[in-house]
Amino acid sequence: MPDHYRVEACVTNAHFCFPVPESEQILLDTVRKLAGEFAAVAAEYDERAEIAVGHLDSLHHAGVNRAVLPAAVGGGGLSYLGFGQLVRILAAADPSTATIWTMHTGAGVALAELTFQTRGAFFAEEFLAGKRFANALSEPASGNRFLAPQQDAVARGSDWTLSGAKRFVSGAEIADYLLVNARVDGVPTFFGVVPDETVTVIPIWDTLGLRATRSQLLEFHDTVLPAEFRGRAPGPGDFAVIPAGLPGISLGIADAALAALIAHAQSRIILDRPLSHQQWVQHEVADVQAKLAAAHALYEQALWQADHGIPLFFPTLDRAKYLANKVAVEVAQLGVRIGGASGYLKRSPIQRHLRDAEAGQLMAYSTEVLASSMGAEVLGVE
Ligand SMILES: Cc1cc2nc3c(=O)[nH]c(=O)nc-3n(C[C@H](O)[C@H](O)[C@H](O)COP(=O)(O)OP(=O)(O)OC[C@H]3O[C@@H](n4cnc5c(N)ncnc54)[C@H](O)[C@@H]3O)c2cc1C
């Protein structure tokens, strides 16, 4: 193994991680320290359904945004393996912050890359300066297929305009720039948009889980989609932030849920013995822990493939997301059983992990959509 690599017990010691370069480990160590602070207040932000803006600022000042921007557009060019560890560390501590940051990064990196030939340098500079980005892609009529917009942009001079709605835009209320897609001449097309008075936030976000993402509905009223901020379609070689980040969010939630149930099983004494000594608890924990370790390993494989330019990494990421989404719910459900009524209390982290775990399956591509494409592929159905 080269000298500049060191093996790190990644998020927990219960699963394998490919090593990442020393420089990335230093960043990850900083993020681990911040994550400890985020975890201490995650429940309060969740309760208030408030975006932890200070957490996002701390991440920016720690150099996380610079690190994740690809080198080709002026950033640090973090590896996929490093990115995957980062998202899991954040999600285990505070999954809402992890989700907003992943969405912010996805939109910022995409705008820098997709407009590379025109205004890419501008978006990269804004991203490095700490401006906030959000993805306004999902539409009421597109269902889970957020890359297939059903709304048409209307030509106005050299620009276009959009009237309609985008929904579940994480961090919409604090965004300086939106990544928006709409059909131009029938073709899905991406734009950078500065939200102005033509963009209205409809405050629908009072949810079961990931409450502090404040993923609101946005209404667009003749909003200008500027020609100068029009991007090309995403393609091979672009840093696939969202597909690479979403499995990590569920795995981080699962790690936190497992840690919470272990702590409870070890500390709860029933008839003079810790709950962890009961055989059914050991068997059930063994089952979910083995599945969780497998999901981490598949995720690591996908990230490794992505770092090595192996095109198969997208199908592997699909499977990693599918598995991670389901395993997170399984671990969190077991937490509720092991937690008993005390785990059901609002003050227990166990109930929050279950609420958060459920959201992973909904975020595109949902487990149903992934199952359809994976199943068809396996069965050779066109
Ligand atoms: C916490 C959270 C954060 C989010 N953040 C963002 C964001 O920042 N930006 C953004 O653009 N979007 C975001 N989304 C939206 C998300 O990615 C989905 O696009 C959106 O949730 C889909 O709409 P829906 O949940 O109402 O489900 P629906 O589309 O109404 O789906 C209902 C059911 O039908 C299934 N289904 C839907 N479409 C298909 C299909 N084509 N084939 C088979 N089954 C299908 C679904 O799996 C589900 O079971 C977020 C969602 C959540 C929950």
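Throughout, residue positions are numbered sequentially from 1 according to the sequence presented. Predicted, not measured: the structure shown is a model, and the values here were computed from it. First listed ligand is number 1; within each ligand, the first listed atom is number 1.
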**Q.** Which of the ligand 1 atoms, numbered from 1, are nearer than 4.0 Å to a heavy atom of Leu137
**A.** 11 (O)
**Q.** Atoms in ligand 1 with a heavy atom of Val369 nearer than 4.0 Å
**A.** 39 (C), 40 (C), 42 (N), 43 (C), 44 (N), 45 (C)
Q) Knowing that exactly one of Arg167, Arg145, Gln151 qualifies, which makes a side-chain hydrogen bond (donor to acceptor under 3.5 Å, both in side chains) with Glu139? A) Gln151
Q) Where is the nearest protein heavy atom to atom 29 (O) of ligand 1: which residue, which atom, and how far? A) Gly143 CA, 3.1 Å
Q.
Which residue and atom name correspond to the protein heavy atom nearest atom 24 (P) of ligand 1, and how close is it?
A. Arg167 NH2, 3.7 Å
Q. Heavy-atom contacts under 4.0 Å between Ser366 and ligand 1: side chain, backbone, both, or neither?
A. side chain
Q.
Can you report which non-hydrogen protein atom sits closest to atom 7 (C) of ligand 1, along with the distance?
A. Phe168 O, 2.9 Å
Q. Would you say the ring centroid of Phe127 lies under 6.0 angstrom from that of Tyr177?
A. no
Q. Among all protein non-hydrogen atoms, which one is nearest to atom 12 (N) of ligand 1, and what is the separation to 0.1 Å?
A. Ser138 OG, 2.8 Å
Q) From atom 10 (C) of ligand 1, is the closest protein heavy-atom distance below 4.0 Å? A) yes
Q. Counting from 1, what ligand 1 atoms have a heavy atom of Leu210 closer than 4.0 Å?
A. 1 (C)
Q: Ignoring hydrogens and angles, state whether a donor on the side chain of Asp94 or Ser96 is under 3.5 Å from an acceptor on the partner side chain.
A: no
Q) So His55 and Phe38, would you call those rings parallel, tilted or perpendicular, with 30° and 60° as cut-offs? A) parallel
Q) If you measure from the Lys or Arg side-chain nitrogens to the Asp or Glu carboxylate oxygens, is any gap between Asp29 and Lys33 under 4.0 Å? A) no
**Q.** Atoms in ligand 1 flagged as close to Asn135, the criterion being non-hydrogen separation under 4.0 Å
**A.** 7 (C), 8 (O), 9 (N), 10 (C), 11 (O)
(Q) salt bridge (Lys or Arg N to Asp or Glu O under 4.0 Å), that's the test. Do Asp46 and Lys346 meet it? Break it down for me. (A) CA-CA 11 Å; Asp46 174 77; Lys346 218 168 186 182; over 6 Å; no
Q. With a 4.0 Å cut-off, strictly under, does atom 15 (C) of ligand 1 pick up any protein heavy atom?
A. yes
Q) Does Arg183 pair with Asp152 as a salt bridge, N-O distance under 4.0 Å? A) yes
**Q.** Nearest neighbour in protein (non-hydrogen) for atom 2 (C) of ligand 1
**A.** Met363 CG, 3.6 Å
Q.
Quick one, Glu126 with Arg119, criterion salt bridge (Lys or Arg N to Asp or Glu O under 4.0 Å). Give me CA distance, side-chain angles, the key distance, then yes/no.
A. CA-CA 11 Å; Glu126 290 291 89; Arg119 302 303 304 276; over 6 Å; no
Q: Mark yes or no for whether Lys321, through its side chain, and Gly360, through its backbone, hold a donor-acceptor pair below 3.5 Å.
A: yes
Q.
Which of the numbered atoms in ligand 1 are under 4.0 angstrom from any heavy atom belonging to Ala364?
A. 16 (C), 17 (O), 19 (O)
Q) So is Trp205 in contact with ligand 1, going by heavy-atom distances below 4.0 Å? A) yes
Q) Are side-chain N/O atoms of Asn181 and Lys166 paired as donor and acceptor at under 3.5 Å? A) yes
Q: Could you tell me which atoms of ligand 1, counted from 1 in the order shown, lie closer than 4.0 angstrom to a heavy atom of Glu368?
A: 46 (C), 47 (O), 49 (O)
(Q) Please identify which of these residues, Phe116, Phe229, Phe190, meets the ring pair (Phe, Tyr, Trp, His ring centres under 6.0 Å) condition with Phe123. (A) Phe229
Q | Heavy atom of the protein closest to atom 41 (N) of ligand 1 (residue, atom name, distance) | A | Arg145 CG, 3.7 Å
Q: For ligand 1, note which part of Ser215 has a heavy atom under 4.0 Å away: side chain, backbone, both or neither.
A: side chain
Q.
Using a 6.0 Å cut-off, check whether atom CG of Asp185 has over 12 heavy atoms from anything other than its own residue.
A. no
Q. Are there protein heavy-atom neighbours of atom 35 (C) of ligand 1 below 4.0 Å?
A. no
Q: Measure the distance from atom 8 (O) of ligand 1 to every protein heavy atom, then report the residue, atom name and distance (to 0.1 Å) of the closest one.
A: Ser170 N, 3.0 Å
Q.
Heavy-atom pairs closer than 4.0 Å: do any link ligand 1 to the side chain of Asn144, the backbone, both, or neither?
A. both
